Amino acid sequence: MSSTQQFYEIYRATSIGNALTDTLDEMIQTGRLAPRLAMKVLFHFDRIAAEMLADKVKNKLTFKGHLDTYRFCDEVWTFIIKAASFKFDEETVTADKIKIIACNSTKPGEQQQ
């Protein structure tokens, strides 16, 4: 795997990604970590999060709702869905409003086959 390969940074906005970013920021501010090393940690987080979700998560779900807004920018789809209903196996979960972010399966800079 090339060290110049890029990965989406969307998982940094998750609770664990925010906690990691906050911790790295604090370590930089107190001089315990160099900013360059913090960026390397975030790059590895982006890579591992994407790889683990692709390789380890095999659950499937179906969902319904009313599409309120959608946009496509920089190869990323964003959907806002109102009155959403998700069905996991035998369990159904509902939400008033959700946001779905969908990225191409190829990584940025990688060519589709």
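Treat the numbers as computed from the prediction; the structure is a model and nothing was measured. The analysis underlying the following values was restricted to heavy atoms, covering all of them including side chains, and did not include hydrogens, waters or symmetry mates.
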[X] and [Y]: which non-hydrogen atoms are nearest, and at how many Å?
X      : Y     : value
Ala95  : Ile98 : CB-CG2, 3.7 Å
Cys103 : Ile10 : SG-CD1, 3.9 Å
Ala38  : Ile28 : CB-CD1, 3.5 Å

Sub-4.5 Å side-chain heavy-atom contact between [X] and [Y]:
X     : Y     : answer
Ser85 : Thr92 : yes
Leu67 : Phe79 : yes
Phe63 : Ile81 : yes
Asp68 : His66 : no
Asp46 : Arg12 : yes
Phe88 : Thr62 : no
Lys99 : Thr78 : yes
Arg32 : Glu26 : yes

>> If you apply the rule side-chain contact (heavy atoms from CB on, under 4.5 Å), what do you find for Thr21 with Phe45, and how did you get there?
In response: CA-CA 10 Å; Thr21 303; Phe45 173 77; over 6 Å; no
Is it possible for you to say whether [X] and [Y] belong to one hydrophobic cluster, with membership spreading through side-chain heavy-atom contacts below 4.5 Å?
X      : Y      : result
Ile16  : Met27  : yes
Val57  : Ile101 : yes
Ile100 : Val76  : no
Leu42  : Leu53  : yes
Met39  : Val41  : yes

> Got a second to check how far Ile48's CD1 is from Tyr11's OH, nearest 0.5 Å?
Replying inline: 12.5 Å
Are more than 12 heavy atoms from other residues, nucleotides or ligands located less than 6.0 Å from atom [atom1] of [X]?
X     : atom1 : answer
Asp96 : CG    : no
Asp89 : CG    : no
Tyr70 : OH    : no

>> The test is salt bridge (charged side-chain N to carboxylate O under 4.0 Å, His left out); show your working for Glu91 and Lys87 and say whether it passes.
In response: CA-CA 6 Å; Glu91 183 181 1; Lys87 184 172 182 180; over 6 Å; no
> Given the rule in the side-chain contact (heavy atoms from CB on, under 4.5 Å) test, do Thr69 and Arg71 qualify, once you have shown the distances and angles that lead to the verdict?
Replying inline: CA-CA 7 Å; Thr69 308; Arg71 101 182 45 94; 4.3 Å; yes
